[in-house]
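Here is the structure we will look at, set down as structure tokens.
It should be emphasised that the depicted structure is a prediction, and the values quoted were computed from it without experimental measurement. Letters A, B, ... are given to chains in the order of the sequence lines, protein chains preceding strands, and every chain is numbered from 1.
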Number of protein chains: 2
Amino acid sequence: MTDQLLAAAERFALTLSQYGLQRMTARVMAALLFTQQPTMTAGEISEQLGVSSGAMSGALKTLISLGMIEKVPAPGSRREHFRFRDGAWATLMSQQNAVLALMTDAADDGIEVAGEQTPAGRRLEEMRDFYGYMLREMPGLIDRWQRTRNP
Amino acid sequence: MTDQLLAAAERFALTLSQYGLQRMTARVMAALLFTQQPTMTAGEISEQLGVSSGAMSGALKTLISLGMIEKVPAPGSRREHFRFRDGAWATLMSQQNAVLALMTDAADDGIEVAGEQTPAGRRLEEMRDFYGYMLREMPGLIDRWQRTRNP
DNA sequence: CTGAAGTTTCAGAGATCCGTGAACATTCGG
DNA sequence: CCGAATGTTCACGGATCTCTGAAACTTCAG
């Protein structure tokens with residue numbers, strides 16, 4: 001693993017962490033994305049990043065729950081191996097749908113309290129309509145991408 | 001403004017802040033979204049939320065730069081009035097395109113360093129392809145929504 | 001069954017982030 | 001112009017979040 005590749009990985013992690021992802025989670029994701037090995041063990045990652053095994057455990061758990069990485073059934077001797085999942089990015093984007101649904105619901109709640117024919121009600125209706133639209137359209141969009149991959 | 005509406009606003013702000021938005025920014029956004037007035041002044045918002053004017057200034061600046069709210073040219077007497085912008089949500093979603101572009105670029109960088117015919121290169125190609133696809137599709141998606149609004 | 005390697009959990013230290021409050025700047029009515 | 005009302009900036013302190021380190025737990029080879 002060249003220094004240049006390591007540097008690119010860290011740069012990427014830094015960017016991600018500016019967009020809401022925890023720093024350690026971003027670094028671990030980057031490590032698994034940029035490594036030339038097919039998989040890495042928790043120990044390898046924590047050594048490469050120079051962080052404790054405790055931090056590893058947390059970050060790996062998060063990434064698994066996000067559907068970005070997966071445990072690999074240990075080929076032979078050692079312990080847990082991890083790898084970046086095929087289709088991880090599409091999975092990540094799909095999970096945004098939950099957020100869209102949340103926004104739609106929040107708007108509905110607000111409309112109920114505010115009343116439809118009020119300033120707040122009208123504002124909330126625009127919000128509900130927009131997120132409702134996105135919620136209907138996104139799954140198809142992602143689906144179409146997946147179909148171009150696996151025809 | 002009923003207590004019930006205020007409560008719904010705070011609940012909404014809390015949700016937003018769990019998804020990356022700063023707490024204060026989320027609360028101010030919620031106040032302007034849920035108010036029954038057409039506009040609010042900075043003073044009105046900070047009083048309603050019980051926070052300092054300093055915090056207001058920062059939050060309002062952020063929301064303006066995000067394209068979520070706008071200054072209203074002061075109808076008559078007082079100072080700055082603010083209101084939630086028409087089409088704010090679509091604007092917000094459009095700004096995500098910058099993130100998509102960033103991800104695409106990061107992948108390109110990585111591929112250049114890693115080489116195409118390597119494990120890292122192939123992983124990064126999937127990433128580049130996915131974000132490239134989203135980047136091409138999103139503007140049209142949002143455009144179509146805007147066209148249904150203003151035919 | 002035993003012990004070593006690996007992993008998870010968690011309390012607390014350290015770092016980071018955010019809002020306050022006050023000083024400074026700006027704007028507009030008079 | 002002047003000055004009162006409003007807006008902005010920023011250093012500081014408190015709140016929050018994150019990582020470490022160590023102890024407990026798990027798993028597996030022998």
Side-chain angles (χ1 to χ4, degrees), chain A residues 9-10 12-32 35 37-66 68-83, chain B residues 9-10 12-32 35 37 39-66 68-84:
Chain A
E10 286 292 312
F12 174 64
L14 195 64
T15 303
L16 278 188
S17 68
Q18 284 169 344
Y19 287 94
L21 203 57
Q22 327 246 87
R23 218 180 56 124
M24 186 59 60
T25 310
R27 294 182 72 199
V28 174
M29 187 196 287
L32 284 165
T35 182
Q37 306 175 212
T39 67
M40 289 181 87
T41 66
E44 282 170 346
I45 304 173
S46 60
E47 191 188 0
Q48 184 180 100
L49 300 180
V51 300
S52 72
S53 57
M56 240 346 77
S57 180
L60 290 169
K61 197 156 72 165
T62 304
L63 287 170
I64 288 174
S65 78
L66 285 175
M68 297 298 293
I69 68 173
E70 62 194 349
K71 286 191 189 176
V72 179
S77 52
R78 291 247 191 158
R79 285 298 159 70
E80 309 288 20
H81 286 238
F82 296 89
R83 79 165 158 234
Chain B
E10 285 293 312
F12 174 63
L14 195 65
T15 304
L16 278 188
S17 69
Q18 285 170 343
Y19 287 93
L21 203 56
Q22 325 248 86
R23 216 179 56 119
M24 186 58 61
T25 309
R27 294 182 72 200
V28 174
M29 186 196 287
L32 284 165
T35 182
Q37 306 173 210
T39 68
M40 287 181 89
T41 67
E44 282 170 347
I45 303 174
S46 60
E47 191 188 0
Q48 185 181 98
L49 299 181
V51 300
S52 74
S53 59
M56 241 345 79
S57 180
L60 290 169
K61 197 157 72 165
T62 303
L63 287 171
I64 287 173
S65 77
L66 285 174
M68 297 299 292
I69 67 173
E70 62 193 349
K71 287 189 189 177
V72 178
S77 52
R78 290 249 194 155
R79 284 298 160 71
E80 310 286 20
H81 285 238
F82 296 89
R83 79 164 157 235
F84 210 82

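- Separating the CD atom of A:E47 from the C1' atom of D:dT20 is a distance of 17 Å, rounded to the nearest angstrom.
- Contact check for A:Q37 versus A:E44: side-chain heavy atoms found under the 4.5 Å cut-off.
- For the atom pair A:T25 OG1 and A:L60 CG, the distance stands at 9.0 Å (nearest 0.5 Å).
- In this structure the side chain of A:V51 reaches within 4.5 angstrom of the side chain of A:M24, judged on heavy atoms.
- At whole-Å resolution of the value, CD1 in B:I45 and P in C:dG19 are 15 Å apart.
- Between B:M29 and B:F84 there is a side-chain heavy-atom pair separated by less than 4.5 Å.
- Comparing C:dT8, D:dT20, D:dT9 by their nearest atom to the side chain of A:A55 picks out D:dT20.
- Side chains of A:T62 and A:M68 form no contact here, defined as non-hydrogen atoms less than 4.5 Å apart.
- Between the CG atom of A:L63 and the P atom of C:dT7 there is a distance of 15 Å, given to the nearest Å.
- C:dT8 atom C1' lies 12 Å from atom CD1 of A:I64, rounded to whole Å.
- Residue B:K61 places at least one side-chain N or O under 4.0 Å from the OP1 or OP2 atom of D:dT9.
- Comparing D:dT8, D:dT20, C:dT9 by their closest approach to the side chain of B:S53 singles out D:dT8.
- For A:K71, taking side-chain heavy atoms from C-beta onward, the closest of the listed nucleotides D:dG7, C:dT8, D:dG21 is C:dT8.
- Going from atom CG of B:L60 over to atom C1' of D:dT6 covers 13 Å, rounded to whole Å.
- The side-chain heavy atoms of A:F82 and A:T41, taken from C-beta on, include no pair separated by under 4.5 Å.
- In this entry the distance linking CE of B:M56 with C1' of C:dC18 reads 13 Å, nearest Å.
- For B:V51, counting side-chain heavy atoms from C-beta on, the closest listed nucleotide (C:dT9, C:dT20, D:dT20) is C:dT20.
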What does the list of N/O pairs under 3.5 Å between the protein and nucleotides 16-18 of chain D look like, with a distance for each?
from: D:dT18; atom 1: OP1; to: A:Q22; atom 2: OE1; distance (Å): 2.6

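- One interatomic measurement links the two molecules: CZ of A:F82 to P of C:dG6, which rounds to 13 Å at whole-angstrom precision.
- Judged by distance alone, with hydrogens and angles left aside, the side-chain atoms of A:T35 form no donor-acceptor pair with the main-chain N or O of A:L32 at under 3.5 Å.
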